[in-house]
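Everything quoted here is computed from the prediction, not taken from an experiment. In this chain, numbering begins with 1 at the start of the sequence shown.
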Amino acid sequence: EFSTGILEWKVYDSGKSPEFPPMVTAGIDRAVVLGGKTYLAGEVKTLKTGDTVPIAWSKQSGPGKVAFEKADAVVTTATFSAPGEYVLKLTAGKDPLSASSTLVVKAVTPPPTDRLDVVYTKKYKIDNPLWNSRAKALIVNWIPHCIAKNNDPNLREGGMNNFIEAAKKLRGEPAKPHIGYPFSNAWVHQTVESICIALMVDPQGDSEIIKAQEMLKATLEDWIPKILAAQEPDGYLQTRYTLGTRGERSTPKRWSRDLRGEHEGYVAGYFIESAINHYTLTNGTDKRLYDAAKKLADCWVANLGPGKKEWYDGHQEMEQALVRFGRFVNDMEGHDSHGDSYIQLAKFLLDCRKDGDEYDQSHVPVQQQYEAVGHAVRAAYSYSAMSDVAAETHDPDYQSAVMSLYESMVNKKYYVTGGIGSGETSEGFGPDYSLRHDAYCESCSTCGLIFFQHKMNIAYHDAKYADLYEESMYNALLGSVDLEAKNFYYQNPLDSRGPRYPWHACPCCVGNIPRTLLMLPTWTYVKGDDGLYVNLFVGSTINVEKVAGTDVQMVQKTDYPWSGDVSITVNPAKSKKFSIRIRVPDRNVSELYTSTPPCDGITSLSVNGKTIKPTIEKGYAVIKRKWKTGDKIELKLPMAIQRIVASEKIAATTGQVALRYGPLIYCVEAADQELGKVLSPEASLTTEWKGDLLGGLTVIKGTWADGSPLTAIPYYARDNRIGERQRSQRRPLNSSVWLKAQ
């Protein structure tokens, strides 16, 4: 796709060239947690090999003192005495042949000692126009489609066929080789998890959902014994390793350094996560998958770790699964169980990452990673796991790296739709501010990003991270599956050029999308020692357990995102005093984008009809009182059409504008108008409810600069009306998020 330019050249020196100063690079901007240190790895290049020049690190600006471990070494560390922004300078050489380079370090206070608690997804009810239809489509159409594909004995990507053959081999029977990618078990495990979560959604008498859920239950009963029959006696589970592939003389050895790309941890992690949701589905009455997941995790703990074997996987799913499972085991069995051993192994696997490549985030130790690089899915999973480990261990190096990676991703490499990954590297990140409209934004990377932002929310008790995962969920992820849930997108560019499709040669996203979208209780609420946090506004009935010594049923009534009216009825099993913190939306969390007019905050807030003005802490409106059954919180969120302008550092968006209404990013489609026109900054824009369009939605209406009518629809609803003309043409432009403003 790109010109190679000059690949190699030689320069000859006549011997009369003047002396030149060295070339100096201080390194990557980053954050550091007070009490921790930042790892400085500058670079100094001279024209003559072997030349040594004097080196000096210094503080150029900043609110406190900076202590360098070795100020005269290119590679060193620094600590900071006070919070704030510092500029550090690396100088090399002597005047007049000296040069320098700077980097910015943002010193921040550590997160709270105690993280928030996850609300596990259990049986719940949805009562929201948008989410009811999306959940029904996923349950009735998409998940059964994934089941049918996985059940196909001839599926070349590999599905249940691999588990059936692995079980044969373990019984001593003739068996066929593994089919498909090494990680093909993943879409089976993801689908199992999606089934479990889908069975937790109350059908509310809907005959289609009830019928689909009966089929999902039957699938679980069919699949679980087949999956467990493929588990080796010591707990190991990965059919590619049990079976080997066609042409191999012997099956591969486990945890081989030469086979990091075989996704042992990636597959194992998804199995463990499926076991968590199967346990919660059955309230612990069926522990088949849970016990098998413990056996698998114990197998890993027995073979990997300090004094055993050093190893890391090329795809970091096991790391976040182990922490999630460790917490779950501790919550289910008490902290004297061995859940902590899983968390410790997750940290060990992360600590082993070094001397590798940016592609899988193994280029330097994770504690020294300050820029989001490489494959975007692996990166999001890695950073999610690091955030979990940081929250559990309070390791300041982990905390500093995680905050730096968050800053890098959200403020330099983040799309307005909440997606990540420009695709300029293999399925991954490009340079800072390189955010082309033909984005990659893989659906799996958005799933990983939602998990990462959720982990940051529970670590820092800060609503801005929930602001971000709401944005990613409603835009980059919600529209990855079409409205009927029969086709999906692997990639989610901002300029769309083709229809969705029912399957993919690498179907890693097919089960990841529904398991993430349907886990609404986990995204909607989190718990703290003093109460409950409300992160999403979704009409629903969700029971949150163990809040201030009681269970609390939370009943939300709202048609958000179509309006900002929300009521929350609080029904504690026992009348108790605790805090409810309600997220105060901020539409400008990323420094990359500015939205006007302002549309943040909460317009009004009342309890039992009485207006209140609560204190705002870390983006939450705090309501502390003794709650009793039937207490009602009513709030109004501001809803207005916003124009979004991107940072001038992003070349792709120069002279362009995007539109937002509430949490929804909008786009214009070829089905409604000719694309490529100019939207004048003075043009008046209005909203209109269209109940008969694309399942019912609010459109933005206006006039293009040429006087023709403009219609914009939510980005999630794009590409559901692609006509035959667009299907037959070679990748025509079908929809655009960014519009010409001049």
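- Under the 3.5 Å distance criterion, with hydrogens and angles disregarded, no donor-acceptor pair is assigned to the side chains of Ser362 and Asp357.
- Partner Leu228 forms a side chain to side chain contact (heavy atoms under 4.5 Å, CB included) with one of Leu237, Leu289, Asp291 and no other, that one being Leu289.
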**Request:** Kindly determine whether Trp223 and Met160 satisfy side chain to side chain contact (heavy atoms under 4.5 Å, CB included), including the steps that lead there.
**Result:** CA-CA 8 Å; Trp223 280 14; Met160 284 305 300; 3.6 Å; yes
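- With no hydrogens or angles considered, no side-chain donor-acceptor pair links Asn492 and Ser480 at under 3.5 Å.
- For Thr242 and His178, the side-chain atoms include no donor-acceptor pair closer than 3.5 Å.
- Contact check on Lys169 versus Glu232 returns no salt bridge, with no Lys/Arg side-chain nitrogen under 4.0 Å from an Asp/Glu carboxylate oxygen.
- Side-chain rings of Tyr381 and His315 approach one another, their centers coming within less than 6.0 Å.
- There is no side-chain donor-acceptor pair under 3.5 Å between Glu427 and Tyr359.
- Figure legend: Arg254 and Tyr241 shown without cation-pi pairing, the cationic atom not lying both under 6.0 angstrom from the six-membered ring centre and within 45 degrees of its axis.
- In summary, the side chains of Tyr181 and Arg240 do not present any donor paired with an acceptor at a separation below 3.5 Å, with no hydrogens or angles considered.
- Between Tyr533 and Tyr525, the gap from one ring centroid to the other reaches at least 6.0 Å.
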**Message:** Determine whether Arg115 and Asp117 satisfy the following criterion, salt bridge (charged side-chain N to carboxylate O under 4.0 Å, His left out), listing intermediate values before the conclusion.
**Reply:** CA-CA 7 Å; Arg115 61 166 174 81; Asp117 287 326; 3.2 Å; yes
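- Under the 3.5 Å distance criterion, with hydrogens and angles disregarded, a donor-acceptor pair is assigned to the side chains of Asn330 and Asp340.
- Side-chain contact check for His363 and Glu358: no donor-acceptor pair (N or O, by modelled atom type) lies under 3.5 Å.
- Side-chain contact check for Asn543 and Gln553: no donor-acceptor pair (N or O, by modelled atom type) lies under 3.5 Å.
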**Derivation and outcome, side chain to side chain donor-acceptor pair (under 3.5 Å), residues Gln367 and Asp351** = CA-CA 8 Å; Gln367 299 93 325; Asp351 286 344; 3.1 Å; yes
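- Between Phe488 and Trp142, the ring center distance clears the sub-6.0 Å criterion.
- Checked against the 6.0 Å centroid criterion, the rings of His189 and Phe163 qualify as a close aromatic pair.
- The number of heavy atoms from other shown groups lying within 6.0 Å of NZ (Lys618) is above 12.
- Asn283 contributes no side-chain N or O that, together with a main-chain N or O of Thr285, makes up a donor-acceptor pair within less than 3.5 Å.
- Here Lys413 does not pair with Glu407 in a salt bridge; the nearest charged N to carboxylate O distance is not below 4.0 Å.
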**Message:** The test is salt bridge (charged side-chain N to carboxylate O under 4.0 Å, His left out); show your working for Lys37 and Asp397 and say whether it passes.
**Reply:** CA-CA 7 Å; Lys37 56 184 177 292; Asp397 288 348; 3.6 Å; yes
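- Checking Asn535 against Asn457 by side-chain atom types alone, a donor-acceptor pair falls below 3.5 Å.
- Checking Tyr460, Tyr383, Tyr465 one by one against Tyr406, the ring pair (Phe, Tyr, Trp, His ring centres under 6.0 Å) holds for a single residue, Tyr465.
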**Prompt:** Would Asp530 and Arg581 satisfy salt bridge (charged side-chain N to carboxylate O under 4.0 Å, His left out), going step by step from the backbone distance to the final call?
**Reply:** CA-CA 10 Å; Asp530 67 338; Arg581 287 173 163 80; 2.9 Å; yes
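- Other residues, nucleotides and ligands contribute at most 12 non-hydrogen atoms within 6.0 Å of the CZ atom of Arg257.
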**Prompt:** Could you walk me through whether Leu478 and Trp131 pass the side chain to side chain contact (heavy atoms under 4.5 Å, CB included) check?
**Reply:** CA-CA 10 Å; Leu478 194 64; Trp131 283 100; 4.0 Å; yes
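- Judged by distance alone, with hydrogens and angles left aside, the side-chain atoms of Asn162 form a donor-acceptor pair with the main-chain N or O of Ile179 at under 3.5 Å.
- The side chain to side chain donor-acceptor pair (under 3.5 Å) check on Glu471 picks up Tyr414, Arg660, with sequence neighbours excluded.
- By the salt bridge (Lys or Arg N to Asp or Glu O under 4.0 Å) test, Arg327 is found to be paired with Asp388, Glu392, residues two or more places apart in sequence or in another chain being considered.
- For the residue pair Asn185 and Tyr270, no side-chain donor N or O sits within less than 3.5 Å of a side-chain acceptor on the partner.
- A donor atom on one side chain and an acceptor atom on the other are found under 3.5 Å apart for Arg30 and Thr38.
- For the 3.5 Å distance criterion, the side chains of Ser408 and Glu371 fail to qualify, holding no donor opposite an acceptor.
- Aromatic pair Tyr279/Phe328: ring centres closer than 6.0 Å.
- Side-chain atoms of Ser382 and Gln316 include a donor-acceptor pair closer than 3.5 Å.
- With no hydrogens or angles considered, a side-chain donor-acceptor pair links Thr121 and Thr522 at under 3.5 Å.
- Between the side chains of Tyr236 and Glu264, at least one donor N or O lies within less than 3.5 Å of an accepting N or O.
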**Request:** Please assess Thr524 against Tyr124 for the test side chain to side chain contact (heavy atoms under 4.5 Å, CB included), listing each intermediate value before the final yes or no.
**Result:** CA-CA 12 Å; Thr524 303; Tyr124 71 102; over 6 Å; no
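- Separation of the Tyr312 and Trp255 ring centroids does not fall under the 6.0 Å cut-off.
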**Asked** Given the rule in the salt bridge (charged side-chain N to carboxylate O under 4.0 Å, His left out) test, do Glu545 and Lys527 qualify, once you have shown the distances and angles that lead to the verdict?
**Response** CA-CA 9 Å; Glu545 299 173 338; Lys527 300 182 295 183; over 6 Å; no
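- Here the two rings, on Trp311 and Phe348, have centers that are 6.0 Å apart or farther.
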